[in-house]
**Q** 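Can you keep this structure in mind? I'll have questions shortly.
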Amino acid sequence: MTESRTPERRSSLAGRLARLGFTDAARAEWLLRDAERGTGSRPGDDLLDALGGTADPDLALDGLLRLLASADEHGAGGELRAALAAEPGTRERLTAVLGVSAALGDHLARHPDHWRVLRDGPAAPAGDPRAELLAAVGADPSAQEPVAGGDGALAALRVAYRRRLLALAGRDLIGSADVAEVAAELADLAAAALEAGLAIARAGVPEHGTCRLAVIGMGKAGGRELNYVSDVDVIFVAEARGAGETSDGHDEDAALRTATRLASAMMRACSASTEEGALWEVDAALRPEGRAGPLVRTLASHRAYYERWAKTWEFQALLKARPVAGDAGLGARYLDMVTPIVWKAAEGESFVEDVQAMRRRVETDLDRRTADAERQLKLGPGGLRDVEFSVQLLQLVHGRGDETLRDRATLDALDALSRGGYVGRDDAAVLTSAYRFLRRVEHLVQLHRLRRTHLVPDEADGLRRLGRALGLRTDPVGEFTALWRRHAREVRRIHEKLFYRPLLRAVARLPGEEARLTPEAARTRLEALGYADPAGALRHIEALTSGVSRRAAIQRTLLPVMLGWFADAPDPDAGLLGFRQVSDALGTTPWYLRLLRDEVTVAERMAWVLGSSRYATDLLLRAPEAVALLGGEGDLTPRPEEALRAEALAAVRRYGGASPQKDAAEGSRSAEEAVGVVRGLRRRELFRVAVADLLGLAGVRTVGDALTGIATVTIEAALAAAVHKIEMEARAPLPTRVAVVAMGRFGGHELGYGSDADVMFVHDPPPGADEAAAGRAAHAVAEELRRLLALPAPDPPLVIDPNLRPEGRQGPLVRTLASYAAYYARWSEPWEAQALLRADPLIGDAGLRDRFRALIDPVRWPEGGIGEDAVRQIRRLKARMESERLPRGVERRLHTKLGPGGLADVEWVAQILQLKHAHDVPGLRTTRTLDALDAAVAARLLDAGDAEVLTEAWCLATRIRGAIMLVRGRASDLLPTDHHRERSAVTRVLGYPGPGDLLEDYRRHTRRARAVVDRVFYGAE
């Protein structure tokens, strides 16, 4: 303190105080001047700056002046003033406390000598507080069971407790003690107070020596993460002393009665009101049977209850159990008894669901009971409980086999979960930061009045004090509110992801020894699940899980569950092998295992896909990043053709654009690079469609349309690249227009996974062009297109088959539009008109495509329809095909394409109706089989029931062909009968209970369809 009475300083004081952050500068000036009149001095500049730097300068000034007045009364004012002037650390700690806590300001006014604990050096309390608090109540800290003495023990306990609390708050508020360190010291201080309370209780229970009593800390006290003001949760366990330890060997009932008196007296010693107030409530409601059960139980009674009657939440509470006072040996035995029970709790039926339901009930009850839920730091959305419940549930589920997760403190456990790969690093960092922030705010709120509260103030002064205490100065209220809400949003988001993670339920249902995948547990599980090659599967597991890397840790969490999912698929061994290969391919890619752990749908779908489909597995191995598509159903919806086209043509422009500076070799490389990128796009989209098909998210028409669109875009991009290359080689624009006509299943928009792309090439040079040069250029483009798409690449081949062109293999690969017109006018056979029913000019010059369509429409949809001679010719051709084209030695009824009631039967029915009536029925002018059948029904050319039979047979045959390709990775038209695993896999993929059910259903559909074919196509009665 310094003397200063100059008019200049007095006149500028109010302005300075306002700049320092005093909200009532005039009042503060009056208080300072009043103090100056009384003592002849007032705070110097350093002290004023320190006051202005506090959370609430007005509160700090009030507290300081009261402390100085009290210190003066006790003759210590001079020492205090000198310390404030000369000791920066003392000044900072004292003003920080006074600027936050009115309650500690009151305490200092009552006990002005306690300011010394805020000084540096020996006056500050250090070490275990137990001895200090026992000594304060007149107990011998060195005695085995200290007994307090004196009537003032309760008040003395509170004074000593708050002296330690004051010292801790001083370190806390200047940032020299971390929030976790503060919480741990508060828990230790509470444990010391319980021990002192027990010493006071022994003084009132003379027969205390007949029993042992251990106090078990629960909740935040047990976890060493206590608040400044909180109920201290405890459980009591007792036993009689043995005859060898006491003179008369009391029985157990008498010992329990004595222990109950001791426990009750200890609780009162801590919670009773005195002239120094109370400490906190000691809450024993977490004991067996809650408040309805006995306050004290024996070890055996606790064990019997937990093994037979305990509810899920009680095991969760026991996670933090820790002996804190009383008989240390008995407390240790209690902990040894409950620990195995706690870590088996998650194996109980519906354990995870029970914990989740309890959390929902708490939230619902909070919303119902209070209008302040949004202000709740503890129980509100995004509050402390969201973090704690998430961490505890993950601990209980995964900690059964991983002992590194068994920390009691939330932050330590969260760190262990992150290190073990059970929680993502980013999520753990966000939760840690938010938890520290919320606990810090909770401490500040409680310090103000030393009251048990978890509500953020709703008045501006309280919010301002919080913001400034956290170092926010520009806009303390606004900045604090934004920071708090942001942390709450992030906590809630991650809580809902972790706490309701379906993987938890799956892991919890595993037997305890399998939850952590040791080789022994894996071998047992593989044999039980029916893997065909357990030894090989075990090698894959060991390769995935060996080592101490984070990647191996996450795999050890995932695999116990995924082994069961693989076993649910048709080929578990293939699924596990594929999983290892994909995992190896993605290596240390950070998002991959995080995605599987956090999005259980992805992991479960991946297991089914890998264990069901060699085709999809091969695609995924060639583009493993496509795992990301397995998330939401939206990611498995086939992309629009226009979007694919834009992406593919952008690749062509990027790699294959024409440039006069490029030579022919460089142009060829550019074209190959461009088509390589496009084939990568095709590979990804084929995987998307295959997975949607395997998961039942895409029907027959959707799959056919999607595969046709993928092929169209791929060929279109290859055509663009080929044109660019030919133009570069010629150093001139292409002298003709080129188009590609889709034929067969391609033209019908009904491609399967193993279908070739049947096409015809057409070109049309402009008038006056050199037709020979135009023909050579068009032929070069077609050959280059075929070459580009035939290059070796890690994707299923897209075979371009031009054999449906006029004259077949004997005819030219590319014809002019005029040549097509001449051929169809002079030489066309009925079967060629039938083939044109599926012709769709999809690719190339738009004008040429329209002209080609106009050319062939009269051929395939002739005026008046085809005559009876043509009908008979088509029927003969169909009969010859049935007898000649079926492979030798196969069961014709099981051939999905050419067998009776198969695809060809249905398609020829639709086509003969089109050839007869399409000229007069516009709806029949379609290249799609099912659309043609629908149009025939609408035009009353086909009975609706017959159309339904044909449609169902066609769809089933198409699904079977697709499933065969998906399962085997090779195309086949024959229903599998000779390979049990493949037959079973196809059956499972199609959703049938067993192979016999599929075979029976297929025969029923094809038998009915063939009857319609005989009647409608062949005209049989």
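These numbers were taken from a predicted model, which means no experiment stands behind them. Below, all heavy atoms of this structure are taken into account, side chains as well, without hydrogens, waters or symmetry copies.
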**Q** Determine, step by step, whether Val179 and Tyr435 satisfy the side chain to side chain contact (heavy atoms under 4.5 Å, CB included) criterion, reporting the C-alpha distance in whole Å, the side-chain angles of both residues, the deciding distance to 0.1 Å, and the verdict.
**A** CA-CA 10 Å; Val179 67; Tyr435 191 75; over 6 Å; no
**Q** Could you list the donor-acceptor pairs under 3.5 angstrom formed by side chains in residues 448-457, with sequence neighbours left out?
**A**
unit_1 : atom_1 : unit_2 : atom_2 : d
His448 : ND1    : Val100 : O      : 3.2
Thr453 : OG1    : Leu455 : N      : 3.2
His454 : ND1    : Glu442 : OE2    : 2.6

**Q** Return yes if some donor-acceptor pair links the side-chain N/O of Arg468 with the main-chain N/O of Arg473 below 3.5 Å, else return no.
**A**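 Checked: no pair found.
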**Q** To the nearest 0.5 Å, what is the distance between CG on Leu186 and CG on Asp188?
**A**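 Going from the CG atom of Leu186 to the CG atom of Asp188 covers 9.0 Å.
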**Q** Between Asp327 and Gly329 (side chain of the first, backbone of the second, donor and acceptor by atom type, cut-off under 3.5 Å), is there such a pair?
**A**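 Yes; at least one donor-acceptor contact below 3.5 Å.
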**Q** Less than 4.0 angstrom from a charged side-chain N to a carboxylate O is my criterion; do Arg440 and Asp172 meet it?
**A**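 Yes, charged N to carboxylate O under 4.0 Å.
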**Q** So Asp140 and Pro146, do their side chains get closer than 4.5 Å, heavy atoms only?
**A**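 When only atoms from C-beta onward are counted, Asp140 and Pro146 do not touch, as no gap falls below 4.5 Å.
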**Q** Salt-bridged, Glu79 to Arg116, with N to O below 4.0 Å?
**A**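 Yes, charged N to carboxylate O under 4.0 Å.
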**Q** Would Trp484 and Leu466 count as a side chain to side chain contact (heavy atoms under 4.5 Å, CB included) if you check the C-alpha gap in whole Å, the side-chain angles of each, and the deciding distance to 0.1 Å?
**A** CA-CA 11 Å; Trp484 168 38; Leu466 285 177; over 6 Å; no
**Q** Hey, mind stepping through Thr23 and Arg464 against side chain to side chain contact (heavy atoms under 4.5 Å, CB included) and telling me if it holds?
**A** CA-CA 10 Å; Thr23 58; Arg464 179 175 181 270; 3.2 Å; yes
**Q** With the threshold set at 4.0 Å, does a side-chain nitrogen-carboxylate oxygen contact exist between Arg171 and Glu181?
**A**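 So Arg171 pairs with Glu181 through a salt bridge.
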**Q** So, Glu281 side chain and Val232 main chain: donor-acceptor pair closer than 3.5 Å or not?
**A**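 It does not hold such a pair.
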**Q** Within the side chain of Arg164, is there an N or O that forms a donor-acceptor pair under 3.5 Å with the backbone of Leu133?
**A**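 Checking the backbone N and O of Leu133 against the side chain of Arg164, no donor-acceptor pair under 3.5 Å is found.
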**Q** Measuring only between side-chain heavy atoms, which start at C-beta, is Leu384 closer than 4.5 Å to Leu379?
**A**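 Not in contact.
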**Q** Going from CG on Asp46 to CG on Leu84, what distance comes out if it is rounded to the nearest 0.5 angstrom?
**A**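 Result: 11.0 Å between the selected atoms.
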**Q** So, taking the atom named SG in Cys270 and the one named CZ in Arg158, what distance separates them when rounded to the nearest 0.5 Å?
**A**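 Going from SG on Cys270 over to CZ on Arg158, the span is 7.0 Å.
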**Q** Give the minimum heavy-atom separation between Ala278 and Ser271, together with the two atoms involved.
**A**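 Ala278 and Ser271 have their closest heavy atoms at CB-O, 3.4 Å.
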**Q** Measure across Ala196 and Leu134 and return the closest heavy-atom pair with its distance rounded to 0.1 Å.
**A**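 Looks like CA-CD2, 3.7 Å.
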**Q** Give a yes or no on whether a salt bridge exists between Arg27 and Asp58, defined as a side-chain N under 4.0 angstrom from a carboxylate O.
**A**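 No.
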**Q** Output the distance between atom OH (Tyr422) and atom CG (Leu417), rounded to the nearest 0.5 Å.
**A**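 Interatomic distance, Tyr422 OH to Leu417 CG, rounded to 0.5 Å: 8.0 Å.
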**Q** Under 4.0 Å between a Lys/Arg side-chain N and an Asp/Glu carboxylate O for Glu87 and Arg91?
**A**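 Salt bridge between Glu87 and Arg91, a charged N being under 4.0 Å from a carboxylate O: no.
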**Q** So do the side chains of Val159 and His114 get within less than 4.5 Å of each other, counting heavy atoms only?
**A**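 Val159 reaches His114 side chain to side chain.
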**Q** To check you understand the geometry: which heavy-atom pair defines the closest contact between Leu48 and Leu20, and what is its length?
**A**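 Minimum heavy-atom separation between Leu48 and Leu20: O-CD1, 3.5 Å.
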**Q** Any side-chain heavy atom of Gln316 sitting closer than 4.5 Å to one from Phe389?
**A**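 In contact.
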**Q** For Pro381 and Ala488, work out which heavy atoms get closest and say how close.
**A**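 Closest approach of Pro381 to Ala488: O-CB, 4.0 Å.
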**Q** Determine, step by step, whether Arg493 and Asp386 satisfy the salt bridge (Lys or Arg N to Asp or Glu O under 4.0 Å) criterion, reporting the C-alpha distance in whole Å, the side-chain angles of both residues, the deciding distance to 0.1 Å, and the verdict.
**A** CA-CA 10 Å; Arg493 176 183 64 81; Asp386 277 357; over 6 Å; no
**Q** Evaluate Arg93 against Asp120 for salt bridge (Lys or Arg N to Asp or Glu O under 4.0 Å), listing each step before the verdict.
**A** CA-CA 10 Å; Arg93 279 186 286 275; Asp120 292 324; 2.3 Å; yes
**Q** Quick one: are Val234 and Phe236 in side-chain contact, heavy atoms under 4.5 Å?
**A**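 Touching, per the 4.5 Å side-chain cut-off.
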**Q** Looking at Arg322 and Ala221, would you say the former's side chain and the latter's main chain have a donor-acceptor pair under 3.5 Å?
**A**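 Pair found, side chain donor or acceptor close to backbone of Ala221.
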**Q** Thr432 side chain to Ala428 main-chain N or O, any donor-acceptor pair under 3.5 Å?
**A**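 Yes; judged by distance alone, with no hydrogens or angles, the pair exists.
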**Q** Taking Leu67's backbone N and O only, do any of them form a donor-acceptor pair with Ser70's side chain (distance below 3.5 Å, no angle check)?
**A**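 Not a single qualifying donor-acceptor pair exists.
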**Q** Atom OG of Ser230 and atom NE2 of His443: how far apart are they, to the nearest 0.5 Å?
**A**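 Output value for this atom pair is 9.0 Å.
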**Q** Please determine which of Arg162, His74, Glu276 meets the side-chain hydrogen bond (donor to acceptor under 3.5 Å, both in side chains) test together with His111.
**A**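 Result: among Arg162, His74, Glu276, Glu276 is the only option passing the side-chain hydrogen bond (donor to acceptor under 3.5 Å, both in side chains) with His111.
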**Q** Can you name the nearest heavy-atom pair linking Ala103 to Leu447, along with the distance?
**A**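 Distance-wise, the nearest heavy atoms are CB-O, 4.4 Å.
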**Q** Can you see which heavy atom on Leu165 is nearest to which on Leu189, and at what distance?
**A**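 Reported closest heavy-atom pair: N-CD2, 4.0 Å.
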**Q** Under 3.5 Å, is there a donor-acceptor pair linking the side chains of His495 and Glu490?
**A**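 Their side chains do not contain a donor-acceptor pair, so the 3.5 Å distance test is not met.
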**Q** Quick one: do Asp62 and Arg66 make a salt bridge, cutoff under 4.0 Å?
**A**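 Salt bridge flag = no for Arg66 with Asp62.
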**Q** Walk me through it: do Leu444 and Arg439 pass the test side chain to side chain contact (heavy atoms under 4.5 Å, CB included)?
**A** CA-CA 9 Å; Leu444 291 169; Arg439 288 301 304 272; over 6 Å; no
**Q** Testing Lys320, Lys220, Lys378 one by one against Glu388 for a side-chain contact (heavy atoms from CB on, under 4.5 Å), which residue passes?
**A**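 It is Lys220, the one option of Lys320, Lys220, Lys378 that forms the side-chain contact (heavy atoms from CB on, under 4.5 Å) with Glu388.
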**Q** Quick one: does Asp231's side chain have a donor or acceptor within less than 3.5 Å of a partner on Asp233's backbone?
**A**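 Absent.
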**Q** Measuring only between side-chain heavy atoms, which start at C-beta, is Arg436 closer than 4.5 Å to Asp178?
**A**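 Touching, per the 4.5 Å side-chain cut-off.
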**Q** Quick one, Asp458 and Leu463 - any side-chain contact, counting heavy atoms below 4.5 Å?
**A**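 No, every pair of side-chain atoms sits at 4.5 Å or beyond.
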**Q** Should Glu132 and Arg163 count as an ion pair when the cut-off is N to O under 4.0 Å?
**A**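 Result for this pair is yes, salt bridge flagged.
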**Q** I'd like to check Ser418 versus Arg550 (side-chain heavy atoms, cut-off strictly below 4.5 Å). Are they in contact?
**A**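 SC-SC contact between Ser418 and Arg550 confirmed.
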**Q** One pair to check against side chain to side chain donor-acceptor pair (under 3.5 Å): Tyr228 and Trp280. What are the steps and the verdict?
**A** CA-CA 10 Å; Tyr228 275 97; Trp280 15 253; over 6 Å; no
**Q** Looking at Asp407 and Arg224, is any side-chain nitrogen of the basic one under 4.0 Å from a carboxylate oxygen of the acidic one?
**A**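 Answer for the salt bridge query: no.
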**Q** For Glu459, does the CD atom sit with more than 12 other heavy atoms under 6.0 Å from it, leaving out its own atoms?
**A**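 For Glu459, atom CD is crowded (more than 12 foreign heavy atoms under 6.0 Å).
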**Q** How many angstroms lie between atom OG1 of Thr54 and atom CG of Leu61, to the nearest 0.5 angstrom?
**A**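 Result: 9.5 Å between the selected atoms.
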**Q** So that I can tick it off, tell me whether Arg16 and Asp49 are bridged by a salt bridge, with the cut-off set at under 4.0 angstrom between side-chain N and carboxylate O.
**A**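 Yes, this pair counts.
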